[in-house]
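Each chain gets a letter, A, B and so on, in the order its sequence line appears, and its residues count up from 1.
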Protein chains: 2
Amino acid sequence: MPHSPPFPFEVLSQADEKLLAEAGSVQVFQRREELFLEGKLPTAVYILQRGKVKLFTTDLQGREQIVHLARPGDLMGYRAVLGNDAFSCSAAALETASVLVIPKALFFQMLDHSPALSHYLIRLLTTELRHAEHHLAGLARKHVRSRLAEVALLLAETYGYEKDGSTLAVQLTREEVAGLVGTATETVIRLLHSLRDEGLLATDGRKIRLLDIPGLQKLAESS
Amino acid sequence: MPHSPPFPFEVLSQADEKLLAEAGSVQVFQRREELFLEGKLPTAVYILQRGKVKLFTTDLQGREQIVHLARPGDLMGYRAVLGNDAFSCSAAALETASVLVIPKALFFQMLDHSPALSHYLIRLLTTELRHAEHHLAGLARKHVRSRLAEVALLLAETYGYEKDGSTLAVQLTREEVAGLVGTATETVIRLLHSLRDEGLLATDGRKIRLLDIPGLQKLAESS
DNA sequence: CGTCTTCTTGAATTCCTTCAATACATGTGG
DNA sequence: CCACATGTATTGAAGGAATTCAAGAAGACG
């Protein structure tokens with residue numbers, strides 16, 4: 001369900017934009033490179049400019065639970081900064097990503113004299129919270145099978161399709177899909193096959209084609 | 001994990017406080033009475049003054065998933081209002097609750113000329129989002145057994161204890177506990193017995209006494 | 001080409017759900 | 001205050017869903 005409104009450079013004053021250009025920096029991360037780590041103290045907020053990034057927590061057994069998928073325009077790390085707290089999750093690039101890094105002090109400065117930015121942040125947080133709660137209610141009650149269908153639709157909604165109009169424009173390992181669904185890698189594999197057998201989707205390595213969206217939606221709603 | 005900072009009347013200007021006194025109204029709800037319903041359009045935000053309230057969604061099979069427990073000082077329904085959207089969950093009193101009802105227009109008015117209120121809301125949303133994500137990661141991966149231990153600790157953290165210092169100051173039906181944990185009522189019953197047999201807690205009807213908090217914490221962390 | 005990661009499959013087991021039946025509690029109207 | 005109706009709690013048994021472990025195949029990558 002993560003699809004937050006993109007960061008609105010429009011809400012920034014000219015002065016802020018200038019500050020940003022001076023104090024902010026653009027960094028590039030390759031697949032698997034980490035932008036920041038769960039438990040560390042934040043020094044900046046991050047705006048994704050190009051590429052794809054996953055936000056995830058790691059449990060004691062070393063398994064990843066992905067809590068958010070970011071796309072260009074998304075603001076990351078701002079919760080730790082706002083709450084003056086350690087990062088509650090880690091962030092890593094899913095594919096080459098370029099990121100605008102805004103030092104903490106600058107972010108607060110901008111926040112202080114921009115009511116528009118405050119209001120934007122409130123909207124953003126509201127959206128994310130709604131998604132988190134929806135996700136939560138789903139995880140608690142639905143079978144893994146339904147959740148997998150939901151994740152397939154989520155990926156489509158978040159990153160869209162290739163030119164063919166049906167192949168997901170993001171490629172994840174089975175393990176990463178498992179981290180999204182909240183299940184074991186083996187279960188993802190078996191259930192992907194099961195959904196394939198029912199004609200809901202097709203797989204080719206890490207490529208996934210959605211063949212029957214209404215069918216997937218129905219499955220995602222059920223159980 | 002819901003324990004948001006209480007609504008700070010201090011951040012309100014004198015003018016706002018006056019408006020609130022004039023346009024706001026206090027309503028009392030008995031146990032099971034609903035403050036608002038999932039899917040309906042909001043007309044107000046709600047500040048809990050006394051009592052306990054659950055926020056929950058209902059799935060197709062009619063099972064409730066509790067997404068938040070509110071306590072005095074908590075603001076409710078503000079997300080639907082902010083997002084100009086239908087309520088994403090319902091709210092019902094767990095015990096007699098008195099609630100300050102603030103009409104939507106008034107809330108926006110207050111928000112518009114109070115940066116302090118904006119900043120407060122940002123903090124509030126940040127806190128709730130962190131809790132939601134933590135809850136989410138837990139639900140996805142942990143066994144029901146661990147989640148039940150977590151819920152017991154959550155209830156203690158949220159509503160505290162009776163005078164004896166160990167009995168939870170909130171009484172829920174087994175079904176409500178199941179709605180918090182995300183499981184079936186029967187499973188809650190069986191696992192409560194199992195935790196009792198291990199000396200982690202004791203039950204007497206709907207009263208629950210926590211006997212071994214470190215033990216419960218250890219269990220909640222694991223699996 | 002060989003190594004390392006990722007993917008796949010099978011089998012056993014655990015955990016949890018569901019259904020069904022019964023006990024207990026609670027509260028209401030007579 | 002009792003009798004009954006309703007809602008809640010409990011227990012057993014059967015079945016199903018998903019995890020775990022183990023082992024092998026396929027793919028990626030230097």
For Arg190(B), does its backbone N or O pair with a side-chain atom of Ser194(B) as donor and acceptor, under 3.5 Å? no

Look at the side chain of Arg190(B) and the base of dT18(C), then say whether one donor and one acceptor between them are separated by less than 3.5 Å. yes

Could you state the atom-to-atom distance from CG of Asp204(A) to C1' of dC7(C) in whole Å? 14 Å

Nearest whole Å is fine: how far is dT8(D) P from Glu176(B) CD? 9 Å

With sugar-phosphate meaning primed atoms plus P, OP1 and OP2, does Arg32(B) contact a base, only sugar-phosphate, or nothing at under 4.0 Å between heavy atoms? sugar-phosphate

Using 4.0 Å as the upper bound for N to carboxylate O, is an ion pair formed by Arg31(B) and Glu95(B)? no

Which nucleotide sits closest to the side chain of His143(A): dA18(D), dT9(C), dC19(C)? dA18(D)

Categorize Arg147(B) for me: base, sugar-phosphate, or nothing, with a 4.0 angstrom heavy-atom threshold over every strand shown. nothing

Among dT9(C), dT6(C), dA9(D), find the nucleotide with the atom closest to the side chain of Ile189(A). dT9(C)

Rounded to whole Å, CD of Gln61(A) lies from C1' of dT19(D) at a distance of 12 Å

In whole Å, I'd like the distance from the CZ atom of Arg196(B) to the P atom of dT10(D). 9 Å

Taking the side chain of Glu186(B) as its heavy atoms from C-beta onward, which of dA20(C), dT6(C), dT20(D) lies nearest to it? dA20(C)

Identify whether any heavy atom of Arg141(A) sits under 4.0 Å from a base atom; if not, whether one sits that close to sugar-phosphate; answer base, sugar-phosphate or nothing. nothing

Assess the pair Tyr78(A) and Phe107(A): is the distance between their ring centroids shorter than 6.0 Å? no

Thr187(B) side-chain proximity, nearest of dA9(D), dA18(D), dC16(C): dC16(C)

So, are Glu133(A) and Arg79(B) salt-bridged, with charged N and O less than 4.0 Å apart? yes

Grab the CG-C1' distance between Leu192(A) and dA18(D) for me, whole Å please. 15 Å

Please work out if Arg63(B) contacts a base, only the sugar-phosphate, or nothing of the nucleic acid, heavy-atom cut-off 4.0 Å. sugar-phosphate

For a quick check under 3.5 Å, do Glu38(B) and Thr57(B) share a side-chain donor-acceptor pair by atom type? no

Closest listed nucleotide, where the reference is the side chain of His193(B) and the choices are dT8(D), dT10(D), dT8(C): dT10(D)

Just how far, in rounded Å, is C1' of dT17(C) from NZ of Lys142(A)? 18 Å

With a 4.0 Å cutoff (strictly under), does any side-chain N or O of Arg206(A) reach OP1 or OP2 of dC7(C)? yes

How many whole angstroms separate atom CZ of Arg174(B) from atom P of dT26(C)? 12 Å

Take the protein atom CD of Glu175(B) and the nucleotide atom P of dT26(C), then report the distance between them rounded to whole Å. 16 Å

Minimum-distance nucleotide to Thr173(B) side chain [options: dT9(C), dT8(C), dA9(D)]: dA9(D)

Under a 4.0 Å N-O cut-off, is there an ion pair linking Lys54(B) with Glu64(B)? yes

For Thr183(B), which contact category applies under a 4.0 Å heavy-atom criterion: base, sugar-phosphate, or nothing? sugar-phosphate

